[in-house]
Number of protein chains: 4
Amino acid sequence: MSENQTAILRIHCPDQRGIVARVTDFIHQNNGNVVALDQYTNREEKRFFMRVEWEMDGFTLDRDEIETVFGPLLAKPLDMVWDLKFSDKIPRMGIFVSRSSHCLYDLLARYEAGELKVEIPVIISNHKEMEHVAGQFNIPFYHVPVNKDNKKEQELQELKVLQEHKVDFIVLARYMQILSSDFVRNFPNKVINIHHSFLPAFAGAKPYHAAHSRGVKIIGATSHYVTSDLDAGPIIDQDITRISHHDSVESLVQKGKDIEKIVLSRAVKAHLDRKTLVYKNKTVVFA
Amino acid sequence: MSENQTAILRIHCPDQRGIVARVTDFIHQNNGNVVALDQYTNREEKRFFMRVEWEMDGFTLDRDEIETVFGPLLAKPLDMVWDLKFSDKIPRMGIFVSRSSHCLYDLLARYEAGELKVEIPVIISNHKEMEHVAGQFNIPFYHVPVNKDNKKEQELQELKVLQEHKVDFIVLARYMQILSSDFVRNFPNKVINIHHSFLPAFAGAKPYHAAHSRGVKIIGATSHYVTSDLDAGPIIDQDITRISHHDSVESLVQKGKDIEKIVLSRAVKAHLDRKTLVYKNKTVVFA
Amino acid sequence: MSENQTAILRIHCPDQRGIVARVTDFIHQNNGNVVALDQYTNREEKRFFMRVEWEMDGFTLDRDEIETVFGPLLAKPLDMVWDLKFSDKIPRMGIFVSRSSHCLYDLLARYEAGELKVEIPVIISNHKEMEHVAGQFNIPFYHVPVNKDNKKEQELQELKVLQEHKVDFIVLARYMQILSSDFVRNFPNKVINIHHSFLPAFAGAKPYHAAHSRGVKIIGATSHYVTSDLDAGPIIDQDITRISHHDSVESLVQKGKDIEKIVLSRAVKAHLDRKTLVYKNKTVVFA
Amino acid sequence: MSENQTAILRIHCPDQRGIVARVTDFIHQNNGNVVALDQYTNREEKRFFMRVEWEMDGFTLDRDEIETVFGPLLAKPLDMVWDLKFSDKIPRMGIFVSRSSHCLYDLLARYEAGELKVEIPVIISNHKEMEHVAGQFNIPFYHVPVNKDNKKEQELQELKVLQEHKVDFIVLARYMQILSSDFVRNFPNKVINIHHSFLPAFAGAKPYHAAHSRGVKIIGATSHYVTSDLDAGPIIDQDITRISHHDSVESLVQKGKDIEKIVLSRAVKAHLDRKTLVYKNKTVVFA
């Protein structure tokens, strides 16, 4: 095992005394060196959240043993919801896209530059326009046109493709189709969307038209996990840019693209670094 | 007349060829020196907007004559909506406030420092908490408690006070009462409100609670002209600040105050500089 | 002791295994309930930083005992630099100001509103202009004019005033005099300055003139602890605002004021919440 | 000539009465419809700046005639520095790049999407790493390795390539070589650089190391026209992002990339839209 491999533990549980002490003591007793720790207590909900990362080099428990030991020792007694990941497990990300290239190019350029610790085995689209972009980066492209009548069977087709490519999570890089609840259920907190507005303002279709019509002075973009409730899933990141009366809908769309791609990539990065934790439709994003 | 006095002309009219040429030629022919000019054409609405400011020193028309000449010569034929102000006319601003002091102190501190070209003859409140602040700055304070039953008569009382103090426009510095349509009708595009959210998200009461509940990653504040439609008037300025899961409702309120007072003061300054122009529920804010 | 009293422990020490475990275990063993914990390891410097806050209610050690026990048990063996504060100890803040009122009013308005957990026993100025503001808030004001020739004795006079008023730390709310190294030595990491530029750009005098002359498109303000090295002390917070070619030096000064006061107050708040920790001329600001 | 073709006139000259009137009257008399006009007077320099754009459809002067008429009629008597462009003339942009792909991919993705009205006939690099990116977009790539000893002849080689490809202006998309004054002289205000700091802070090499070492809380990027004075040319645009003590030099580099590419593309867009005007080492960026 290389020196740099780390274990990442994310937990949440009812707040009570001594959680940090007990978890860090568990790591310390097994000779783990903590490289990052962030915790947060939600006082209203009386709920405790924590992410801790330690080096596996020199750790006295094997990967499999950690779960076996940690479960009965701490997770069970403290009533934890938890998961454990290892930094050398590279997640496999499926990209869904429609006709706009800006988010797709942004993700692929980062991928190519080694900026994202991820594999991208497949790109799926309901249109053909982005096929050449997939080709530029030698990534398999599947054209799965969807309409009201064929959505059910086409989503089954998509699930099959995702399964074949062993996709762990999905990024909707401006995919302009609503995924069914059935589909989303297969990827709980594992579908990341970029919505082209400052949610909850302007949910739904044509947010830049709505923003222009309302005369706002700032527009935004919102990245969130997809739930069965449209544009209402737990928010991961948001950002904005200043506009003025000079801006037409077209220039809003243009300026918005710059925020969309940056916000989406930040959300993807947080997800890849296992820094997100969803609880009651909100996302804790650890430092 | 001092050298620094300027005339400020704001117009909007159907778009057509030669408007800038004709307006600036009018100023030039009368020996006016333009010190600022900003114009904008709304292509969708086919509407032209302009603000031009010139020095009155050496201008060959008297103040009264300008209107007499400009009206038939240009405003009428070009079907303009227009107004004309002079920089030495200092507007009189009435402040409405409830219990929060941050916007009030911010405005009064700017006033005291000579930062705002304005007179503040009166502060009106539905509560008594801010009376001592008015006292610190020697500004008359009127306590006008309002409830559902007495709103009509109390607003009449307020109008009387405003009239007595020759108030030109009103700033709601976190005034937590809804003004009636009847009241607002007296001050068209002359009541500036600060709403403690990034409108149109979280209109109405308790926006910080709503923002917290939705789990947004950014909060904002919006300054707008008050219309009879609650929190839906033409937006003058907005700004935001980044938050995180660490923030409670209380800390949102606290962080929000800093945006509220800055955004409100920017809107007041734009209004005082006659840089705003409202058309179809949107605000053009000239450079 | 009221239920809400907390102890705040800040430490930094050479990085090594098990620090979090040992510190949190110490708190847990003595029946403390952690309400906030933030830690950070500087990998390059191999240095560990931590802030932990726990409720004193039910804690089995008295305030005095904590130091007696924690020192030999953990601080000494782990070679810690550390301090311990209690949330009910309200710090006493002396304000230095020259002629500009914006930061002073901002701090006093927050103080008056109960937003800052602080006492403000004294305001010192090298000018008389702000005396009336001190008067508005009933705070003792000392006029201590300083020039090159009398600086040494006048600073001794200032130190005497600060001592008499039991001042814990100093805020320079746009104080336009350079404090001597001798003076600063009395308040290590306890003098907070606001510099009206985005440091390290435009250190020294007249930063807005310099910014205007360079043609930057953004200006900023920087709050930092004062050291004997002018404008080079550890930065606590910074912020910026967008400008354009339209801005004159005067409008930069005006726009800058809005950033200055907000950044200064955020730095003061971080200091009051004992969230800052200085190491090697940088400031760790805990969440 | 298609209906959408416009003429764009940029001028600056000593400030005097009636410039706007005379210029817009010239356009109006020749039946031009102004679609955008922005002007600005620098009071200190007593200098007037203006950009005006009008539709060529129906304009009574031919393209060639405009210069012939406008020169003696207005430009000469008002002592103007001016240029005239037509919207259907698509500029040809040469890209210089070294080893980082983020700005290159960002520009090429926008180019591919039709977001930039530009031709990109050539990419030049002192390294070979970006050759495959040029290949992905089918753009000729020239590898011109430069060192201290061969700079003079290699720059001549570059000039030859640029000439062959009829390049109008150059974008340095993270090109880590200093261009000689001789080279720059061939492209006055036609070489756009992105510097990876908030200039004038951290000019020169390794700005992220310097930012990290200074402990700043915000980092930035600056796009500017290149002059013979390193990192001191007229600034076109800047932007920033917030950082914290958690950030290592590596994470600053990473976060910086996102600002660099956005700021660079905004500057390129302003240049392409002929919205920039340089005077005395500052850039006026018209609305």
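Convention: sequence-line order gives letters A, B, ...; per-chain numbering from 1. Keep in mind that this is a model prediction, so the values were computed, not measured.
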Calculate, to the nearest 0.5 Å, the distance between atoms NE2 and CZ belonging to D:His245 and C:Phe49 respectively.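 If I round to the nearest 0.5 Å, the distance is 8.5 Å.
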Reported CD-to-CD1 distance for the pair D:Gln238 and C:Ile243, which is rounded to 0.5 angstrom:
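Result: 8.0 Å between the selected atoms.
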Practice problem: Could you look at D:Asp239 and say if it's the side chain, the backbone, both or neither that has a heavy atom under 4.5 Å from chain C? | Solution: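 Backbone plus side chain of D:Asp239, per the 4.5 Å heavy-atom cut-off to chain C.
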Requested in this report: Could you check which of C:Val285, C:Asn281, C:Ile240, C:Val249 has the highest count of heavy-atom pairs closer than 4.5 Å to chain D?
Outcome: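 Greatest number of close heavy-atom pairs with chain D: C:Val285.
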* Asked: Side-chain contact, heavy-atom cut-off 4.5 Å: D:Arg242 with C:Asp237?
  ->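 Sidechains of C:Asp237 and D:Arg242: in contact.
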Report, as yes or no, whether the 6.0 Å neighbourhood of atom [atom1] on [X] holds more than 12 heavy atoms from other residues, nucleotides or ligands.
X: D:Lys206; atom1: NZ; result: no
X: C:Ile178; atom1: CD1; result: no
X: D:Lys255; atom1: NZ; result: yes

Practice task
May I ask you to list the residues in residues 257-275 of chain D that approach chain C closer than 4.5 angstrom, counting heavy atoms only, ordered by number?
Solution key: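 D:Arg266, listed by number.
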Original post:
Which residues in residues 195-205 of chain C have any heavy atom lying under 4.5 Å from a heavy atom of chain D?
Top reply: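 Only C:Phe198, C:Leu199, C:Pro200, C:Ala201, C:Phe202 of residues 195-205 of chain C have a heavy atom under 4.5 Å from chain D.
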ask   = So which bits of residues 209-226 of chain C come within less than 4.5 Å of chain D, counting non-hydrogen atoms only?
value =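 Expected list: C:His212, C:Ser213, C:Arg214, C:Gly215, C:Val216, C:Lys217, C:Ile218.
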### Query
D:Thr41: what forms a side chain to side chain contact (heavy atoms under 4.5 Å, CB included) with it, not counting sequence neighbours?
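Residues passing side chain to side chain contact (heavy atoms under 4.5 Å, CB included) with D:Thr41: D:Asp15, D:Gln39, D:Arg43, D:Phe48.
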